[in-house]
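See below for the structure under consideration.
We name chains A, B, ... by the order of the sequence lines, and we start the count at 1 in each one. Just the heavy atoms: all of them, side chains too, but no hydrogens, waters or symmetry mates, feed the values below.
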Protein chains: 2
Amino acid sequence: MTTDIRELSRSEMEIMKVLWRHGRLSAREVHERVGPRRNWALSTTRTVLERMVQKGAVLRERFHGVNLYIPAIPRAAGLAALVRDFAERVLEIDAAAVVPLLTRGAELSEEEIREVERLLARDGGGSDDA
Amino acid sequence: MTTDIRELSRSEMEIMKVLWRHGRLSAREVHERVGPRRNWALSTTRTVLERMVQKGAVLRERFHGVNLYIPAIPRAAGLAALVRDFAERVLEIDAAAVVPLLTRGAELSEEEIREVERLLARDGGGSDDA
DNA sequence: ATCGCTGCGCTACAACTGTAGCATCTTCTT
DNA sequence: AAGAAGATGCTACAGTTGTAGCGCAGCGAT
């Protein structure tokens, strides 16, 4: 069950974002980027991270005795879901209309933008496929 | 403390939306529009509504022994805050860029759109004023 | 082999959220 | 005035989130 990214809390989303940006990080590394901003104790970062693993939003991988955390949801898919949700629930417009804005946004690769676009086009929510 | 609309839960947001749409409704009336969709018992709608009052997101007014609930945050201000949050936190773009999309969205009046625009322009988060 | 540093896994606890029942009070109707 | 129908305010309880400490284990230095 590929965890619905919309049910991540703000804290979790923030962590998700750093994981998206870096691919895979240890708890400490994650903490270095979100801890200060949030004023968290290292153990707090760990706990949140661990809960994300339980939710299936993040994968954990052991590397020489250290846990590395990897996003279980690719950024494009995550953004697509978030955009769709916001567009439909709040703006009440068709999600596809938001795509153009992505171009100016975070460092998304052409690839990713196209992917998000693909996911938002064809008004469907379900599992995609080639 | 004009409650930060970003801290409303999904359930609460849904109620907020119907209140924005109708201005002021009794618990039952609110329930009629969100209850079915959410499969809530009337008492659930009441509880959520009441919590929103406590949070200061909704005002309660007695009318012939019945409570009427009124949004404590005008729609334009609420949408502006939500848009700003989403734009900056998720899309990582300037909130103002989202304004054009509103035109096609929910039934916002020209007035409201202009207001949202005003609130999002001039990159500021704090309390506004003329 | 031992000591210390760092990471791990477990536990904790308060506040918030989802969800709702119930006893009681109001209001309308007859 | 009395009863029915509906609204109110209170209470409840489980699950989620925010926030963090603690004891134990592994690894590198001595």
Side-chain angles (χ1 to χ4, degrees), chain A residues 1 3-19 22 24-70 72 82 85 89, chain B residues 1 3-19 22 24-70 72 82 85 89:
Chain A
M1 135 268 310
T3 294
D4 185 342
I5 199 171
R6 290 171 306 170
E7 53 187 57
L8 294 189
S9 70
R10 271 158 192 282
S11 303
E12 294 171 332
M13 256 311 295
E14 188 150 346
I15 284 185
M16 194 52 128
K17 290 207 300 176
V18 329
L19 288 182
H22 301 281
R24 95 179 31 199
L25 297 174
S26 68
R28 174 169 295 282
E29 289 168 325
V30 169
H31 182 64
E32 277 161 13
R33 351 236 154 184
V34 311
R37 179 189 308 291
R38 297 233 161 206
N39 260 80
W40 278 348
L42 175 56
S43 58
T44 298
T45 302
R46 273 181 208 290
T47 301
V48 177
L49 223 20
E50 209 49 44
R51 284 179 181 163
M52 292 176 79
V53 171
Q54 283 175 339
K55 283 188 178 182
V58 165
L59 299 179
R60 183 174 46 188
E61 168 184 297
R62 201 100 194 191
F63 182 70
H64 284 281
V66 177
N67 286 334
L68 294 186
Y69 297 86
I70 302 119
L82 292 173
D85 177 55
R89 192 168 56 81
Chain B
M1 131 271 307
T3 295
D4 186 341
I5 198 171
R6 290 172 305 169
E7 52 187 57
L8 294 189
S9 69
R10 270 156 193 281
S11 302
E12 294 171 330
M13 257 309 295
E14 188 150 347
I15 284 184
M16 193 52 128
K17 289 207 301 176
V18 330
L19 287 183
H22 302 281
R24 93 180 33 201
L25 296 173
S26 68
R28 174 169 296 281
E29 290 168 325
V30 168
H31 182 65
E32 275 160 14
R33 349 237 154 185
V34 312
R37 180 191 304 294
R38 296 231 162 208
N39 259 82
W40 278 349
L42 175 56
S43 59
T44 300
T45 303
R46 273 181 207 289
T47 301
V48 177
L49 223 21
E50 210 48 45
R51 283 178 183 164
M52 291 175 81
V53 170
Q54 283 176 341
K55 283 188 179 182
V58 166
L59 299 179
R60 183 176 45 189
E61 170 183 297
R62 200 98 192 193
F63 183 71
H64 283 280
V66 176
N67 286 334
L68 294 186
Y69 297 87
I70 303 120
L82 291 173
D85 177 55
R89 192 168 56 79

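Here A/Arg60 does not reach the OP1 or OP2 of C/dG7: none of its side-chain N or O atoms lies under 4.0 Å away.
Using a cutoff of 4.0 Å between basic side-chain nitrogens and carboxylate oxygens, A/Glu14 and B/Arg89 are not scored as salt-bridged. Using a cut-off of 4.0 Å between Lys/Arg side-chain N and Asp/Glu carboxylate O, A/Lys55 and A/Glu7 are scored as not salt-bridged.
To the nearest angstrom, P of D/dG26 lies 13 Å from CG of A/Asn67. Across the protein-nucleic acid pair, B/Arg28 atom CZ and D/dG6 atom P stand 7 Å apart, rounded to whole Å. Protein atom CG of A/Leu49 is 13 Å distant from nucleotide atom C1' of C/dG9, rounded to whole Å. Rounded to whole angstrom, the span from the CD atom of A/Gln54 across to the P atom of D/dT17 amounts to 11 Å. One atom, CG of B/Leu42, and another, P of D/dG6, lie 11 Å apart when rounded to the nearest Å. If you measure from atom CD of A/Glu50 to atom C1' of D/dG18, you get 16 Å, rounded to the nearest angstrom. In this structure, A/Phe63 atom CZ and D/dC27 atom C1' are separated by 15 Å, rounded to whole Å. Per the geometry, CD belonging to A/Glu14 stands 11 Å off P belonging to D/dT19, to the nearest Å.
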Could you write out each protein N or O paired with an N or O of nucleotides 16-19 of chain C at a distance under 3.5 Å?
residue : atom : partner : partner atom : Å
C/dT17  : OP1  : B/Lys55 : NZ           : 3.4
C/dT17  : OP2  : B/Lys55 : NZ           : 3.2
C/dG18  : OP1  : B/Ser11 : OG           : 3.1
C/dG18  : OP2  : B/Ser9  : OG           : 3.1
C/dG18  : N7   : B/Arg51 : NH1          : 2.8
C/dG18  : O6   : B/Arg51 : NH2          : 3.0
C/dT19  : OP2  : B/Trp40 : NE1          : 2.9
C/dT19  : O4   : B/Arg51 : NH2          : 3.1

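B/His64 comes within 4.0 angstrom of the backbone, heavy atoms only, and of no base.
We find the CG-CE distance between B/Leu82 and B/Met13 to be 5.0 Å, quoted to the nearest 0.5 Å. To the nearest 0.5 Å, atoms CD (B/Glu50) and OG (B/Ser43) are separated by 12.5 Å. Atom-to-atom distance recorded for A/Glu29:CD and A/Leu68:CG is 7.5 Å, nearest 0.5 angstrom. Between atom CD1 of residue B/Ile15 and atom CZ of residue B/Arg10 there is a gap of 14.5 Å, rounded to the nearest 0.5 Å.
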